[in-house]
Amino acid sequence: MNPCTLCPRQCKVRRDKGQTGFCCIGDTPIVSSVGPHFGEESVLVGRGGSGTIFFAGCNLGCVFCQNFDISHHRHGRQMTTGQLAQSMLELQSYGCSNINFVTPTHVIPAIAAAIELARENGLTLPTVYNTGGYDSVETLRLLEGLVDIYMPDMKYSDPKVAEELSAAPDYPQINREAVKEMHRQVGDLKTEKGLATRGLLVRHLVLPENMAGSFEIIDFLAEKISRKTTINVMDQYRPCYKASSHPAINRRPTLEEFSSVGQYATQKGLNVLD
Ligand code: SF4
């Protein structure tokens, strides 16, 4: 982190000296909320909800950010490693099904230390790394053995689109390498009694006009990761934040645009969540 090369942005700022890079977060994580969440995939929710810890800040600059109040306005409170570990134990005591770190990439060292501390103090729930998918392989290796379920976005196939919509032209290449590393660590998704225990769960948000390059992403998963990959093809895109200045994405996807992606993934043999 000092200088910071945690993520592919490679800002090289001294976060311990108050400098901030693209993610705008210093060396202490800012947590915007902690609590059971019932809106995640059913394999994560169960009876007690997914125990989410939402981090403020983000290393992507998506013009259509669906969480822009959290990610870009950085509302929340700073948390030490001890406080993060305590939050995890509280979520476990509420009966949550897992601990779900949302937008974690820019605070991986704090998360890794907090998981170790929480486990020493009785945490037994699976941990979920819920990321926009712009993660470097080297940093992901710090999480080996600490993360049980990787849930990355796969947002784009085309570097030009990734540049226009997320200020990250290398996203497709970086994202694919990251997903390979995640799958190497945890394998295909496994469930017990309907709840995820370990593995890879890919999220893909369908954009209008196939701006996401959905079919190439599915081909990649089927051919380079595993035909048993679990994918959530998501239909909830709506123009938010600055999306109105990008005409191609200034509308919701049609039903046909959405359903053709799910059908293609099914034809390829992937495990498509309902
Ligand atoms: S984690 Fe933040 S400061 Fe570090 S390289 Fe990434 S965007 Fe830059």
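Indexing begins at 1, ligand by ligand and atom by atom, following the structure's order.
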Is any protein N, O or S atom closer than 2.8 Å to atom 8 (Fe) of ligand 1, and if so, which?
-> Cys11 SG

Distance (rounded to the nearest 0.5 Å) between Thr131 OG1 and Met182 CE = 5.5 Å

So, are Glu209 and Arg251 salt-bridged, with charged N and O less than 4.0 Å apart?
-> yes

May I ask you to list the residues sharing a hydrophobic cluster with Met1, side-chain cutoff 4.5 Å, ordered by chain and number?
-> Leu6

Scan for side chain to side chain donor-acceptor pair (under 3.5 Å) pairs involving residues 177-186, sequence neighbours excluded, and state none if there are none.
-> Glu144-Arg184, Tyr150-Gln185, Glu181-Arg184, Glu181-Gln185, His183-Asp188

May I ask you to list the residues sharing a hydrophobic cluster with Met151, side-chain cutoff 4.5 Å, ordered by chain and number?
-> Val43, Leu44, Val128, Ile149, Leu189, Leu201, Leu273

Establish, yes or no, whether the cationic atom of Arg176 lies under 6.0 Å from the six-membered ring centre of Phe220 and within 45° of the ring axis.
-> yes

Among Arg15, Gln19, Met1, which one has a heavy atom closest to atom 1 (S) of ligand 1?
-> Arg15

